[in-house]
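Some notes on the structure that comes next.
Only this structure's heavy atoms are used, side chains among them; waters, hydrogens and symmetry mates stay out. To find a chain, count down the sequence lines: A is the first, B the second, and so on, and within it residues start at 1.
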There are 2 protein chains.
Amino acid sequence: MGAELSVTENEAKYLKLIYRGQCEESTKVRTTAVAKSLGVRPATVTEVIQNLSEKNLLWYRRYHGVELTKEGIAEAQKLLRKHRILEILFTDILKYNTQRACNESSKLDYHASMSLINAICKAYGHPEICPCKKVIFSDPKCKKK
Amino acid sequence: MGAELSVTENEAKYLKLIYRGQCEESTKVRTTAVAKSLGVRPATVTEVIQNLSEKNLLWYRRYHGVELTKEGIAEAQKLLRKHRILEILFTDILKYNTQRACNESSKLDYHASMSLINAICKAYGHPEICPCKKVIFSDPKCKKK
DNA sequence: TCTTAAATTTAGGGAACCCCTAAAATATAT
DNA sequence: ATATATTTTAGGGGTTCCCTAAATTTAAGA
């Protein structure tokens with residue numbers, strides 16, 4: 001099984017942020033920007049990034065940006081799938097606006113099991129986009145039939 | 001505001017367990033039992049209990065049991081309210097059985113904001129018992145009207 | 001009661017995480 | 001080229017959770 005990855009909740013936050021920047025907005029992900037975004041110091045960001053790099057979730061070249069590896073992308077997509085399925089649930093049941101749904105989802109996504117997410121996904125007919133129109137990544141274990 | 005309480009996720013686990021034993025099953029809560037239940041050593045339980053005691057969530061007398069304080073009871077009820085409202089959601093939407101609903105809820109309850117819980121509560125007509133027939137504590141901020 | 005077994009607590013550590021400041025190194029823009 | 005901005009090292013610190021081994025204390029049996 002190669003590297004055993006276990007991402008902490010904090011690291012998950014970084015992954016989601018980096019994925020959004022890099023893969024969804026094609027932005028170069030900068031240390032300072034991440035730091036501002038998360039309310040920590042740049043040195044802290046560097047440290048966390050180095051940890052993620054050791055877990056093979058991203059490539060890291062000193063003083064240059066980072067790039068998610070295949071595993072990092074997979075992990076980020078898993079997290080964002082959870083996040084967005086939860087958004088679907090909250091906007092539907094609770095009539096939350098996208099902003100609020102996103103906030104609540106951010107608190108829970110990391111902790112939701114994929115099987116819970118898949119059950120919600122099924123209940124909502126396997127939606128393909130979230131309330132803010134972003135892609136909901138599919139999971140092979142989540143059967144449409 | 002007196003004591004500033006901020007319970008960690010782990011401490012929350014202890015609180016829920018102690019509350020269930022003490023208030024719902026009138027059992028004397030023993031260190032060893034808690035340890036077995038949570039899969040840790042007795043010494044660890046003692047330590048966490050001492051921390052909870054410093055946060056004024058329970059009374060602690062060495063070698064004798066513990067007893068939740070008013071604040072501890074309130075905190076536990078808050079957590080269990082979240083837990084049970086989530087159970088309602090999962091059994092309804094996902095057709096989960098009570099066991100599974102409980103498992104998933106345990107992972108999320110601590111992280112769900114009370115406002116999210118109240119929104120779900122409202123969507124389900126302010127239920128008073130959870131799927132396993134236990135009381136769902138009410139929240140003054142959760143209006144029935 | 002006395003003694004022993006069971007339960008509980010201290011003492012003393014350790015590991016994982018996350019965060020910081022100050023100082024150095026590197027990159028970039030003029 | 002050089003000044004400025006960005007990023008990284010170096011060196012710490014705090015919290016939380018967990019453990020083992022050695023006391024204590026309680027409780028139960030003889």
(message) Let me spell it out: for each of A/R62 and A/E47, pick the nucleotide of DNA chain D with the closest heavy atom. Which residue's pick is nearer the 5' end?
(response) A/R62
(message) Looking at A/A101, is its backbone amide N or carbonyl O close enough to the side chain of A/S105 to form a donor-acceptor pair, meaning the two atoms are under 3.5 Å apart?
(response) yes
(message) On DNA chain D, compare the nucleotides closest to A/A33 and B/K28; which residue's is nearer the 5' end?
(response) A/A33
(message) From C-beta outward on A/T46, which listed nucleotide comes closest to its side chain: D/dT9, D/dT16, D/dT26?
(response) D/dT9
(request) Round to the nearest Å and state the distance from A/N51 atom CG to D/dT9 atom P. (result) 12 Å
(request) Walk along DNA chain C from 5' to 3' and tell me the first and last nucleotide with an atom closer than 4.0 Å to a non-hydrogen atom of chain A. (result) C/dC17 to C/dA27
(request) Any chance you could lay out the side chain to side chain contact (heavy atoms under 4.5 Å, CB included) test for A/I88 and A/I120, step after step, and finish with the verdict? (result) CA-CA 9 Å; A/I88 296 262; A/I120 300 172; 5.8 Å; no
(request) Provide the closest heavy-atom pair for A/S6 versus A/K55 in the form atom of the first, atom of the second, distance. (result) O-NZ, 2.9 Å
(message) Judged by each residue's nearest nucleotide on DNA chain C, which is more toward the 5′ side, A/E9 or A/H64?
(response) A/E9
(message) Once rounded to the nearest 0.5 Å, what's the spacing between atom NZ of A/K143 and atom CG of A/N118?
(response) 10.5 Å
(request) State whether B/N10 places a side-chain N or O below 4.0 Å from either non-bridging phosphate oxygen (OP1 or OP2) of D/dC18. (result) yes
(request) Measure the spacing between SG of B/C130 and NE2 of B/H83 and express it to the nearest 0.5 Å. (result) 7.0 Å
(message) Which is more 5' along DNA chain C, the nucleotide nearest A/R30 or the one nearest A/E11? Just name the residue.
(response) A/E11
(request) Spell out, as yes or no, whether a donor-acceptor pair under 3.5 Å connects the side chain of B/R20 to the backbone of B/E25. (result) no
(message) With the threshold set at under 4.0 Å for non-hydrogen atoms, list the residues of residues 17-26 of chain A touching DNA chain C in residue-number order.
(response) none
(message) Determine whether a donor-acceptor pair (N or O, by modelled atom type, separation under 3.5 Å) exists between the side chain of B/Y110 and the backbone of B/V7.
(response) yes
(message) Please tell me if A/T31 has a side-chain N or O lying less than 4.0 Å from either OP1 or OP2 of D/dT8.
(response) yes
(request) Scan A/T44 against the nucleic acid and name what it touches under 4.0 Å (heavy atoms): base, sugar-phosphate only, or nothing. (result) base
(message) Any side-chain to backbone donor/acceptor pair from A/T91 onto A/E87? Under 3.5 Å, distance only.
(response) yes
(request) Could you check whether A/Q50 gets within reach of a base, just the sugar-phosphate, or nothing at all, counting any heavy atom under 4.0 Å? (result) sugar-phosphate
(request) Indicate the ring-plane relationship of B/F90 and B/Y96, choosing parallel, tilted or perpendicular according to the 30° and 60° boundaries. (result) tilted
(request) Ignoring backbone atoms, establish whether B/Y63 has a side-chain N or O less than 4.0 Å from OP1 or OP2 of D/dA27. (result) no
(message) Go through it in stages, so that I can follow the logic: the residues are B/V48 and B/V34, the test is side chain to side chain contact (heavy atoms under 4.5 Å, CB included), and I'd like the CA-CA distance, side-chain angles, deciding distance and then a yes or no.
(response) CA-CA 11 Å; B/V48 174; B/V34 173; over 6 Å; no
(request) Pull out every residue in residues 34-43 of chain B that has a heavy atom closer than 4.0 Å to any atom of DNA chain D, ordered by number, or say none. (result) B/V40, B/R41, B/A43
(message) Distance alone, cut at 3.5 Å: any donor-acceptor contact between the side chains of B/N51 and B/E47?
(response) no
